[in-house]
Chemist: 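Following this message is one structure expressed as structure tokens.
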Amino acid sequence: MNRKFLLLSISLGLSMAAICLVIACLYVFSSPNARLRFDLTAEKSNGVSERMLNAIASIDAPVRLTAFLYREDEKLTSYNSNVYMRAFDRLRLLIDDLEARTSGSFSSLIVDSNSPLVEQQRLQQLHSRQSGEVIILSTSDNHVVLKFEDLFEVSQAVDEQRIAARLRRERIDEAIGDAALRLSNANPFKVAVIKALADDVSIQPFLEFMERQGHTVSHVNSFSMVGDQDLVVVPGQLTPFTPLDFAAAKQWVDDDKHLFLALGAFTTTAVVDQWNQILAERGEHFEEGLLCEAIPIAGTFMEGRHECAILEINAGKISGQHKINEPLLKAKRSLLFAGTRPLTFGDSTNKYSQSRLLRTSVGAWIDNDKQGVRFARDGNEKAGIHAIAIASAAWRPQSALRAGHLLLSGSDEIMREHLDYNKDWLATSIMFLLGDDLEKSGLRSINEIPFHPSREILGRIKALTLYLLPGLCLLLSLIVWIRRK
């Protein structure tokens, strides 16, 4: 009797342990956050970034990605070019990874020439697709279209030399992330960018960058034309204010409205003096001069070269005391500031908080072009730490749009020639100025979204239930039978 009871206890115990193991396995297999993924590439390019995942997760409605993989541009197929093959392979890889790592609120569909013709026509009519459009990211009431050139950079074919087109660079992750941001932003902020020139072509990439962040951007000729905006950006200024524009700029700052002001080292003294008058009550000041640092070449530090005026701002020069810099420090990214003038702050009332965001190294100096060697430190040019970006805000804001958010930059090239090196920092800076939530980078963490299994995952769960549980029971029965023998 004791032997039978012992065998029964062992059987029940093993059965309970097997059921617990099955439940644990089902949880791991069905939960995206419990999966282990390894990307061994140096730039982590074989999978989607956390930014894209968070951007998708920030959309409250179900999201559908439809990819139309058609070889429509003859210039990209001539001379046996493999542009489309490589590009579409990358798209398929990243789309599969994106669907595997997001919740059931995201789904994808890939359409190509091998898809059923009726389905191709239906989807093209449904999305009003035009030639060249590759990805359509959509919700029930909105959509964003991405063309091939939005996702890839290609060198064109040369007919005279019969050279095929080549795939140079991709920006799939960034483009889909930007598209998701636009979908998630139901009430976009209004941003006015002041023109430095009547035909300011160099600022166009910055305007497109702002629009991809989900903001409504207007390019205005003067400060007096700003109107009802949430933020004003001044990406450099060549000529002094007229009395009307000066009064409008001063009123904007005095009303604690939000401003991003970038004046480089080569901005005229008249312009700098006007802005220093406007900022006098804030206690923030643009100083004169060009900041330089010695650059490392062949194991030593060199001066007297124009590269000395291009400052690399690494982690040691980025303040960790302000939330603008948190995403940058976590990513261990550097910035590039060129043609930079020093800033000072602190001489103000207690109405505003002030923070130095970025600084130079202790070996930086203010170069004087009136005497000595250009880009080289002379005897009267003292080295030291200088602030190059400052942020301030009112301690007691009047409202969300009148919180006194102000950001000063000693370089305007961060929005022009060196935009690509500073995009991350500019994005978080703009979000701070607009009062957006920076602790989550303006996004909602994917871990906060409830998990809804997709049809594929439900199929896996059913398969495990159908085959694994009976198999385990059979195995346990076999073990008990062998023990009894």
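None of the values given here were measured: they were computed from a predicted structure.
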Chemist: Might you work through the side-chain contact (heavy atoms from CB on, under 4.5 Å) test for Gln156 and Arg166, ending with a clear yes or no?
Modeler: CA-CA 7 Å; Gln156 295 297 328; Arg166 295 180 181 273; over 6 Å; no

Chemist: Go through the steps for Val232 and Lys257 under the test side-chain contact (heavy atoms from CB on, under 4.5 Å), then give the verdict.
Modeler: CA-CA 9 Å; Val232 172; Lys257 295 183 178 180; over 6 Å; no

Chemist: Nearest heavy-atom pair of Phe286 and Arg341: which atoms, and what distance?
Modeler: CD2-CD, 3.6 Å

Chemist: Is there a donor-acceptor contact under 3.5 Å linking the side chains of Arg64 and Ser107?
Modeler: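 Note: Arg64 and Ser107 side chains meet the donor-acceptor criterion.
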
Chemist: Scan side-chain atoms only and decide if Ser224 and Ser222 contain a donor-acceptor pair under the 3.5 Å cut-off.
Modeler: yes

Chemist: Can you find a side-chain donor-acceptor pair between Gln120 and Ser115 that sits under 3.5 Å?
Modeler: no

Chemist: Looking at Thr102 and Leu98, would you say the former's side chain and the latter's main chain have a donor-acceptor pair under 3.5 Å?
Modeler: yes

Chemist: Ser355 and Gln321: side chain to side chain donor-acceptor pair (under 3.5 Å), yes or no, with the steps?
Modeler: CA-CA 8 Å; Ser355 302; Gln321 303 299 316; over 6 Å; no

Chemist: Out of curiosity, Ile313 CD1 to Ser334 OG, how far, rounded to the nearest 0.5 Å?
Modeler: 8.5 Å

Chemist: Please report the interatomic distance CD(Glu211) to CZ(Phe206), rounded to the nearest 0.5 Å.
Modeler: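 Here the interatomic distance stands at 11.0 Å.
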
Chemist: Which atoms form the tightest heavy-atom contact between Asp150 and Val145, and what is the distance?
Modeler: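 Closest approach of Asp150 to Val145: OD2-O, 4.3 Å.
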
Chemist: Any ion pair linking Asp112 and Arg71 (charged N to carboxylate O, less than 4.0 Å)?
Modeler: no

Chemist: Could you check whether His322 and Phe432 have their ring centres less than 6.0 Å apart?
Modeler: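 Judged by ring-centre distance (under 6.0 Å), Phe432 and His322 do meet the cut-off.
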
Chemist: For the pair Tyr421 and His418, name the ring-plane relationship: parallel under 30°, tilted 30 to 60°, perpendicular over 60°.
Modeler: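 Taking His418 first and then Tyr421, their aromatic rings stand perpendicular (interplane angle over 60°).
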
Chemist: Is a donor on one side and an acceptor on the other found under 3.5 Å between the side chain of His258 and the backbone of Leu433?
Modeler: yes

Chemist: Below 4.0 angstrom, N of the basic side chain to O of the carboxylate: do Asp256 and Arg396 qualify?
Modeler: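 Between Arg396 and Asp256 there is no salt bridge, as every charged N stays at least 4.0 Å from the carboxylate O atoms.
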
Chemist: Consider only side-chain N and O atoms of Glu417 and Ser202, and report whether a donor and an acceptor are under 3.5 Å apart.
Modeler: no

Chemist: Is there a donor-acceptor contact under 3.5 Å from the side chain of Arg171 to the main chain of Ile176?
Modeler: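 The answer is no, because no donor-acceptor pair under 3.5 Å joins these two groups.
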
Chemist: Between Phe152 and Ile172, does a side-chain contact (heavy atoms from CB on, under 4.5 Å) hold up when you go through it step by step?
Modeler: CA-CA 7 Å; Phe152 301 97; Ile172 305 171; 3.5 Å; yes

Chemist: Rounded at 0.5 Å granularity, tell me how far CZ in Phe106 sits from CD1 in Ile56.
Modeler: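 Reported value, rounded in 0.5 Å steps: 5.5 Å.
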
Chemist: Between Phe260 and Ser409, which heavy-atom pair has the shortest distance, and what is it?
Modeler: CE2-CB, 4.1 Å

Chemist: Give the C-alpha distance, both sets of side-chain angles, the deciding distance and a yes or no for side chain to side chain donor-acceptor pair (under 3.5 Å) between Ser49 and Asp173.
Modeler: CA-CA 7 Å; Ser49 67; Asp173 193 280; 2.5 Å; yes

Chemist: Which atoms form the tightest heavy-atom contact between Leu151 and Ala175, and what is the distance?
Modeler: CD2-CB, 3.8 Å

Chemist: Is the count of non-hydrogen atoms from other residues, nucleotides or ligands lying under 6.0 Å from Arg305 atom CZ greater than 12?
Modeler: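 No - once you tally the heavy atoms of other residues, nucleotides and ligands closer than 6.0 Å, there are 12 at most.
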
Chemist: How long is the span from the CG atom in Leu279 to the OG atom in Ser392, to the nearest 0.5 Å?
Modeler: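 Interatomic distance, Leu279 CG to Ser392 OG, rounded to 0.5 Å: 8.5 Å.
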
Chemist: Looking at Ile324, Leu261, Ile430, Leu259, which hits side-chain contact (heavy atoms from CB on, under 4.5 Å) with Leu407?
Modeler: Ile324

Chemist: Any idea how Phe337 and Trp425 line up, ring-wise: parallel (<30°), tilted (30 to 60°), or perpendicular (>60°)?
Modeler: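 Rings of Phe337 and Trp425: perpendicular, as their planes differ by over 60°.
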
Chemist: Hey, mind stepping through Thr360 and Glu293 against side-chain contact (heavy atoms from CB on, under 4.5 Å) and telling me if it holds?
Modeler: CA-CA 8 Å; Thr360 65; Glu293 289 182 349; 3.4 Å; yes

Chemist: Can you check whether Tyr84 and Tyr70 have ring centres sitting under 6.0 Å from each other?
Modeler: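 No, too far apart.
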
Chemist: Both conditions, 6.0 Å and 45 degrees, for the charged tip of Arg282 above the ring of Tyr352: are they met here?
Modeler: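 Here Arg282 passes the 6.0 Å and 45° test against Tyr352.
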
Chemist: Tell me the closest heavy-atom pair linking Ala338 and Ser411, and the distance in Å.
Modeler: O-OG, 2.7 Å

Chemist: Just verifying a value: how many Å separate Glu284 CD and Thr344 OG1, rounded to the nearest 0.5 Å?
Modeler: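 It comes to 9.0 Å.
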
Chemist: Side chain of Asp230, backbone of Lys190: donor and acceptor closer than 3.5 Å?
Modeler: yes

Chemist: Locate the shortest heavy-atom distance separating Val362 from Ile385; write the atom from each residue and the value.
Modeler: CA-CG1, 3.7 Å

Chemist: Is Arg168 paired with Glu153 through a side-chain N to carboxylate O contact shorter than 4.0 Å?
Modeler: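 Here Glu153 pairs with Arg168 in a salt bridge, since their nearest N and O are under 4.0 Å apart.
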
Chemist: Sub-3.5 Å donor-acceptor pair from the side chain of Asn325 to the main-chain atoms of Leu357, do we have one?
Modeler: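 Checked: pair present.
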
Chemist: Hey, what do you get for OG1 (Thr340) to CD1 (Ile414), rounding to the nearest 0.5 Å?
Modeler: 8.5 Å

